[in-house]
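What follows is a short report on a single structure.
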Amino acid sequence: MKLRKIFLIILTFCIGLPLDAQNNIKLIVGSYANEIGKGIYSFDFNQSTGKATPLDTLEVSNPSFLTLSSDGAMIYAVSENSEDAASVHAITFDQATGRMKLRQSMPTNGADPCYVETNGNLLLTANYSGGSMSVFPLNIDGSLEPMSQQFKGHANGPDAQRQNMPHIHCTRFLPDGNGVLATDFSADQLLRFELTDMKALGDQKVTAQLTKGSGPRHIAFSTDSRFVYVMSELSGAVTVYQYNFGKMKKIQEILSDEVGAQGGADIHVSPDGRFLYTSNRLKNDGITIFKIANRTGLLTKVGYQHTGIHPRHFNITPNGRFLLCACRDSNVIQVFRINSATGLLTDTHQDISVDKASCVQFYPIVMQPDLNGDGVFRVIEVTK
């Protein structure tokens with residue numbers, strides 16, 4: 001019998017909270033640390049004004065991607081290094097002060113880990129050059145156990161330079177608790193793993209095939225979990241799938257990068273579920289804005305926002321007012337205001353200086369009324 005984890009979401013309204021408690025959140029930033037940068041940075045961020053205030057720094061080697069535990073007590077960050085130095089770190093985080101302290105590190109046994117994801121029971125790393133996904137059980141206190149499983153990707157794509165060896169770029173827990181998806185970059189496919197129990201994954205299966213030469217990179221889910229959106233690096237296209245209890249059906253492929261840069265990067269859905277954003281690098285750097293059809297999940301391009309150089313990662317504040325874009329080679333995080341009616345972006349010129357910024361995450365996940373003003377409160381999840 002297959003065991004499935006049942007998720008219970010407890011709704012806690014924030015109507016009675018002071019305004020500052022709703023507006024002030026923590027911003028945690030990862031980077032490619034060098035002789036100038038520290039590694040990980042924490043800030044107070046006011047999601048009403050878009051202003052950031054520095055709090056703390058932590059020296060970690062190339063923490064290019066990070067995420068937080070659901071209770072905010074722990075930051076998990078990868079060190080994107082060659083195999084001998086490739087690792088994942090558990091870092092204690094004080095939500096009140098923003099102070100961080102390295103607790104432990106574990107080898108990923110795969111070179112250049114570039115993504116980390118957790119559901120509270122397991123932690124996963126996508127190891128790009130290692131071409132693998134590593135699985136780490138978590139203890140009840142959030143600490144890491146040694147790697148318990150590892151799954152390899154494939155290499156049979158047509159791009160002789162970029163797809164000549166396996167690359168796993170992203171791994172995501174499905175929002176319905178029905179397993180894990182991973183982007184098998186060099187085979188132009190998505191892999192799916194079932195949760196065999198709370199601490200282990202079953203064998204990998206190919207759950208979706210993308211157009212040859214796509215190079216799937218990052219994954220986003222619609223707010224109602226009915227659709228999966230995949231940003232591909234090589235083709236610069238977004239592929240849309242209907243999703244239903246582990247089954248996926250391709251319904252659309254639409255270009256985000258229209259200049260053939262082969263630098264498609266990140267992808268996120270707005271908290272209200274109405275817009276999808278993707279970032280493009282290497283040429284014409286910027287963010288493509290799509291409107292999402294409510295019933296069908298299909299995308300229509302509505303705009304393009306130029307950014308600084310190499311927008312590797314971005315994120316949207318839980319209240320949906322701002323999009324923060326980590327422009328690695330401009331050494332800044334740009335703060336854009338989101339037009340709730342059109343989805344278009346406006347640069348607030350409140351740049352946050354971070355050397356080689358590569359990842360932005362928020363805490364806490366807060367409840368906000370729908371931006372349409374329907375008075376309905378929803379749990380808003382931070383996309384990683």
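Here the structure is a predicted model, which is why all the values come from computation and not from measurement.
In this structure, A86 and A111 approach most closely via the heavy-atom pair CB-CA, 4.1 Å. For L123 against L138, the heavy-atom pair with the smallest separation is CB-CD2, 4.1 Å. Summarising the geometry of S186 relative to R162, their closest heavy-atom pair is OG-O, 3.9 Å, with the distance given to 0.1 Å. The minimum heavy-atom distance between S134 and Q150, with the atom names listed, is OG-NE2, 3.0 Å. In terms of heavy-atom proximity, T171 sits nearest to Y115 at O-CE2, 3.5 Å. The nearest pair of heavy atoms linking S31 to G39 is OG-O, 2.7 Å.
With contacts defined as side-chain heavy-atom distances shorter than 4.5 Å, the pair D188/P216 qualifies. Side-chain contact between C114 and R312: present, with at least one pair of heavy atoms (C-beta onward) separated by less than 4.5 Å. At least one side-chain heavy atom of K26 sits less than 4.5 Å from a side-chain heavy atom of L55. Residues M74 and R103 have side chains in contact (heavy-atom distance under 4.5 Å, counting atoms from C-beta outward). Side-chain contact between L174 and E194 is absent, with no heavy-atom pair separated by less than 4.5 Å.
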Which is it for S61 and N81 under the side chain to side chain donor-acceptor pair (under 3.5 Å) test, yes or no, and what are the steps along the way? CA-CA 8 Å; S61 174; N81 294 321; 3.0 Å; yes
Could you walk me through whether F227 and I292 satisfy the side-chain contact (heavy atoms from CB on, under 4.5 Å) test, starting with their C-alpha distance in whole Å, then the side-chain angles of each, then the deciding distance to 0.1 Å, before giving a yes or no? CA-CA 10 Å; F227 304 99; I292 301 174; 6.0 Å; no
Given L66 and I91, is the side-chain contact (heavy atoms from CB on, under 4.5 Å) satisfied, shown in steps? CA-CA 10 Å; L66 53 81; I91 298 160; over 6 Å; no
CA sep, side-chain torsions, deciding dist, call: I352, V360, side-chain contact (heavy atoms from CB on, under 4.5 Å): CA-CA 11 Å; I352 305 166; V360 289; over 6 Å; no
Could you give me the CA-CA distance, side-chain angles and deciding distance for T53 and D44, then say whether side chain to side chain donor-acceptor pair (under 3.5 Å) is met? CA-CA 5 Å; T53 304; D44 259 331; 5.9 Å; no
Run the side chain to side chain donor-acceptor pair (under 3.5 Å) check on S132 and N127 step by step: do they pass? CA-CA 5 Å; S132 61; N127 312 312; 2.9 Å; yes
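A donor atom on one side chain and an acceptor atom on the other are not found under 3.5 Å apart for N280 and E258. Between the side chains of S225 and D176, not a single donor N or O lies within less than 3.5 Å of an accepting N or O. Using a 3.5 Å distance cut-off with no hydrogens or angles, the side chains of Q189 and D184 do pair a donor with an acceptor.
Within a 6.0 Å sphere centred on CG of N294, heavy atoms belonging to other residues, nucleotides or ligands number 12 at most. D203 CG: 12 or fewer foreign heavy atoms inside a 6.0 Å radius. Residue K199 places its NZ atom among more than 12 non-hydrogen atoms of other residues, nucleotides or ligands, all under 6.0 Å distant. Heavy-atom contacts from other residues, nucleotides or ligands closer than 6.0 Å to CZ of R226 number more than 12.
Residues passing the side-chain hydrogen bond (donor to acceptor under 3.5 Å, both in side chains) test with S105, sequence neighbours excluded: H89.
Under a 3.5 Å cut-off, the side chain of Y229 and the backbone N or O of G297 do form a donor-acceptor pair. The backbone N or O of C170 sits less than 3.5 Å from a side-chain atom of T183, completing a donor-acceptor pair. Without hydrogens or angle criteria, T92 side chain to K101 main chain gives a donor-acceptor distance under 3.5 Å. In terms of modelled atom types and a separation under 3.5 Å, the side chain of Q361 and the main chain of L68 share no donor-acceptor contact. No donor-acceptor pair under 3.5 Å is formed between the side chain of D159 and the backbone N or O of L234. Looking at Y243, its side chain does come within 3.5 Å of a backbone N or O of G246 through a donor-acceptor pair. A donor-acceptor pair under 3.5 Å is formed between the side chain of Y363 and the backbone N or O of D71.
Checked against F193 for a side-chain contact (heavy atoms from CB on, under 4.5 Å), the options V180, L181, T207 give a single hit: V180.
Between F185 and H167, the two ring planes are perpendicular [angle over 60°; tilted spans 30° to 60°].
A distance of 11.5 Å separates CG in D112 from OG1 in T125, rounded to the nearest 0.5 Å.
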Per-pair distances, 0.1 Å, donor-acceptor, side chain in residues 326-338, under 3.5 Å, sequence neighbours excluded:
| residue | atom | partner | partner atom | Å |
| --- | --- | --- | --- | --- |
| S330 | OG | I309 | N | 2.7 |
| N331 | OD1 | K356 | N | 2.9 |
| Q334 | OE1 | G308 | N | 2.8 |

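Sorted by first and then second residue, the ring-ring contact (aromatic ring centres under 6.0 Å, His included) pairs involving residues 282-310 (not counting sequence neighbours) are Y304-H306.
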